[in-house]
Amino acid sequence: MRKNIFKFKQFEVDQSGCAMKINTDGVLLAALAQSESPKRILDIGTGTGVLALMLAQRFADAKVEAVEIDQDAAGTASNNFMHSPFKERMTAHCTAIEDYLSPEKFDLIVSNPPYFVNDFKNANFKKEVARHASFQFFKDLVAKTAFLLSEKGKFWFILPPKQADFVINESVEIGLFVNQIVSIHSDQSKPEIRKIVCLGKESSLVHHSDFYIYEVQNQYTTAYQALLSDFFLIF
């Protein structure tokens with residue numbers, strides 16, 4: 001089982017039973033997402049629980065909730081939370097986000113959602129659930145997020161450009177505003193491969209920036225190393 005363990009500086013993540021393993025998208029989102037002194041954080045589609053754990057490390061005063069529809073993944077995330085230094089502040093729920101209920105609003109909501117829309121479906125059901133979505137899913141995600149978000153709260157997500165633009169357009173329809181967009185590039189010679197987007201209930205000037213993962217092949221940029229230096233053992 002040890003082969004499924006990913007060690008961070010302050011915690012470990014068991015990836016057993018999770019169709020989607022720890023990936024660059026998730027750790028970038030968890031490291032870049034910002035909210036002013038959040039007290040309540042929600043991770044939608046938590047998978048292994050890695051985003052929730054990174055956010056619990058970053059925001060020491062916050063309580064972190066996590067939602068995951070897959071029963072095995074939710075169990076793994078819950079186990080990872082229980083074995084972390086932040087266990088007293090973390091809870092995993094096995095439910096679809098549209099069925100999730102909370103008596104309180106959240107100051108920070110993050111999601112690294114499935115993003116293959118109307119593409120060939122994976123033969124492995126778990127991977128299909130983890131990787132594939134419909135446009136209706138994105139509509140439901142935005143609507144539920146708007147309901148769960150506090151008045152000054154922020155919703156951060158990461159998606160490929162096409163799907164990110166769809167979510168942005170849907171958000172405008174229900175009164176969420178784009179506050180920030182980070183275009184993720186493999187390196188400076190490549191077009192953007194992902195967008196990290198921050199939405200809020202308050203309108204503001206949109207801050208747009210670019211983030212590069214590699215200087216050259218297999219050599220991380222200084223910015224990438226600095227961003228993840230508090231988490232990864234290799235930095």
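The basis for the numbers below is simple: all heavy atoms, side chains too, and nothing from hydrogens, waters or symmetry mates. This is a predicted model, so every value here is computed, not measured.
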For Lys87, all residues meeting salt bridge (charged side-chain N to carboxylate O under 4.0 Å, His left out), sequence neighbours excluded: none
Student check: side-chain heavy atoms of Phe177 and Glu202 closer than 4.5 Å: no
Residues which pass ring pair (Phe, Tyr, Trp, His ring centres under 6.0 Å) with Phe81, listed by chain and number, not counting sequence neighbours: none
Residues in salt bridge (charged side-chain N to carboxylate O under 4.0 Å, His left out) contact with Asp230, at least two apart in sequence or another chain: none
Salt-bridge present (Glu98, Lys144; N to O < 4.0 Å): no
Full working for side-chain hydrogen bond (donor to acceptor under 3.5 Å, both in side chains) between His185 and Asp210: CA-CA 7 Å; His185 305 255; Asp210 295 283; 2.8 Å; yes
Heavy-atom side-chain proximity of Leu141 to Ile44 below 4.5 angstrom: yes
Same cluster (ILVMFWY, side-chain, under 4.5 Å), Ile213 and Val216: no
Expected output: side-chain Gln10 to main-chain Gln57 donor-acceptor under 3.5 Å: no
Contact list for residues 30-54, test salt bridge (Lys or Arg N to Asp or Glu O under 4.0 Å), sequence neighbours left out: Arg40-Glu104
Beyond-backbone contact of Val64 with Phe86, side-chain heavy atoms, under 4.5 angstrom: no
Intermediate values then yes/no, side-chain hydrogen bond (donor to acceptor under 3.5 Å, both in side chains), Glu68 and His93: CA-CA 6 Å; Glu68 172 56 52; His93 306 274; over 6 Å; no
Residues which pass salt bridge (charged side-chain N to carboxylate O under 4.0 Å, His left out) with Asp165, listed by chain and number, not counting sequence neighbours: Lys195
Close side-chain approach of Phe106 and Glu65, heavy atoms under 4.5 Å: yes
Asp140 versus Gln136, side-chain donor and acceptor atoms under 3.5 Å: yes
Residues Ile181, Ile196; criterion side chain to side chain contact (heavy atoms under 4.5 Å, CB included); working and verdict: CA-CA 6 Å; Ile181 298 175; Ile196 293 180; over 6 Å; no
Min side-chain heavy-atom separation Val178-Ser171 under 4.5 Å: no
Donor-acceptor under 3.5 Å (Lys21 side chain, Gln15 main chain): yes
Close side-chain approach of Pro160 and Arg194, heavy atoms under 4.5 Å: yes
Heavy-atom check, side chain of Val110 versus side chain of Leu42, under 4.5 Å: no
Derivation and outcome, salt bridge (Lys or Arg N to Asp or Glu O under 4.0 Å), residues Lys154 and Asp107: CA-CA 6 Å; Lys154 304 298 181 184; Asp107 307 306; over 6 Å; no
Geometric class of the Phe157/Phe155 ring pair [parallel <30°, tilted 30-60°, perpendicular >60°]: tilted
Side-chain donor or acceptor of Arg58 paired with backbone N/O of Gln34 under 3.5 Å: no
Side chains of Ser16 and Asn4, donor plus acceptor under 3.5 Å: yes
Pairs where residues 7-37 contributes a residue and the test ring pair (Phe, Tyr, Trp, His ring centres under 6.0 Å) is met, not counting sequence neighbours: Phe6-Phe8, Phe8-Phe11, Phe8-Phe232
